[in-house]
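Below: the structure, in structure tokens.
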Amino acid sequence: MSTHPIEIAEADDLPKSVEVSFKHALPQVPLNIWGLLGFGITTMLLNIHNAFPSHYGFNGLILGHGCMIGCLLQLVSAFLELKARNAFAATAFFSYALFWAALCFSKFFNYAWSTNEADARVAKEFTGWFLAVWGFFTFFMLLILCLKPKGKKNPQLINIFGSLFILFCLLAAGDFLNNTTIGRIAGFEGIYCGFCAFMHGIAALFKHETGYKLLFF
């Protein structure tokens, strides 16, 4: 029996063709899965409250979910997209992750320090401005998606950002006008927006794990 030691080739010693073939054999993990799921689930939950305000009050569960799921999961995708040098995706996930953090903290501080009806009215009106500015930001994100070359356009993302822009407009209008009907309409529209983002994330995970494509996503 030979007693010569077996030499194991280092990664740097492998031929380039073998190294490239090995990399291509591994399916690339979609970097946006966690962000889309975090955004989608949290958006649906918050807008169930908006659509049915008399049944489901704005409670600590929504605040906690917004901070942990809506914020942190999107930050994971944001850092991954930044590392991959995907400027649009990193900007979107960083921005909307911190949107959720800002919204949750603002709701907490309003509940903690609002002592009378006048304070609550001012806070609601300024929330309208807050949502309007985010709608303005979302409009330009949507515009970028729409102006991409034909081969790079993503109809699912255009649908998500388009419905999100409409959602911000409706929510801002509901707060400015103090109109609960507009707020409820925004809630149903927001459930649709969150559902589309959630399904886009699930479809990416489904295709990565099974190789099958979900219908419409």
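Just so it is clear, the structure is predicted and the values come from calculations on it, not from any experiment.
Counting only heavy atoms from C-beta outward, the side chains of Q74 and L37 never approach each other to under 4.5 Å. Side-chain atoms of Q156 and C196, non-hydrogen and from C-beta on, never get closer than 4.5 Å to each other. Residues L63 and C67 are not in side-chain contact: their nearest non-hydrogen atoms beyond the backbone lie 4.5 Å or more apart.
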Table please: side-chain donor-acceptor pairs of residues 86-95 below 3.5 Å, with sequence neighbours left out.
{"residue": "N86", "atom": "ND2", "partner": "E81", "partner atom": "OE1", "Å": "2.6"}
{"residue": "T91", "atom": "OG1", "partner": "A87", "partner atom": "O", "Å": "2.7"}
{"residue": "S95", "atom": "OG", "partner": "T91", "partner atom": "O", "Å": "2.6"}

All N/O donor-acceptor pairs, side-chain side in residues 163-171, below 3.5 Å, sequence neighbours left out:
{"residue": "S163", "atom": "OG", "partner": "N159", "partner atom": "O", "Å": "3.0"}
{"residue": "S163", "atom": "OG", "partner": "I160", "partner atom": "O", "Å": "2.9"}

In a table with atom names and distances, give each donor-acceptor pair under 3.5 Å that connects a side chain of residues 130-151 to protein atoms at least two apart or in another chain.
{"residue": "T138", "atom": "OG1", "partner": "Y96", "partner atom": "OH", "Å": "2.7"}
{"residue": "T138", "atom": "OG1", "partner": "W134", "partner atom": "O", "Å": "2.7"}

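Applying the side chain to side chain contact (heavy atoms under 4.5 Å, CB included) test to L205 and every residue at least two apart in sequence or in another chain returns I33, E209. Annotation: side chain to side chain donor-acceptor pair (under 3.5 Å) contacts of T43 (sequence neighbours excluded): none. Checked against side chain to side chain donor-acceptor pair (under 3.5 Å), D175 has the following partners two or more places apart in sequence or in another chain: K124. Under the rule for a ring-ring contact (aromatic ring centres under 6.0 Å, His included), F206 has no partner lying at least two apart in sequence or in another chain. For the side chain to side chain contact (heavy atoms under 4.5 Å, CB included) test, residues two or more places apart in sequence or in another chain that qualify with A51 are F188, I191. In this view, S77 satisfies the side chain to side chain donor-acceptor pair (under 3.5 Å) rule with no residue, not counting sequence neighbours.
Residue L98 is not grouped with residue V76 when hydrophobic side chains (ILVMFWY) are merged at heavy-atom distances under 4.5 angstrom, including chains of intermediate members.
Listed by first and then second residue, the salt bridge (Lys or Arg N to Asp or Glu O under 4.0 Å) pairs that reach into residues 32-44 come to none, sequence neighbours excluded. Counting only residues at least two apart or on different chains, no salt bridge (Lys or Arg N to Asp or Glu O under 4.0 Å) pair has a member in residues 126-135. The side chain to side chain donor-acceptor pair (under 3.5 Å) contacts involving residues 31-42 comprise T42-H65, where partners must be two or more places apart or lie in separate chains.
Checked against the 6.0 Å centroid threshold, W100 and F39 do not count as a close aromatic pair.
A donor-acceptor pair is defined here as one N or O able to donate and one able to accept, closer than 3.5 Å; such a pair exists between the side chain of N154 and the backbone of L157.
In this structure, CG on L214 lies 10.5 Å from NZ on K207, to the nearest 0.5 angstrom.
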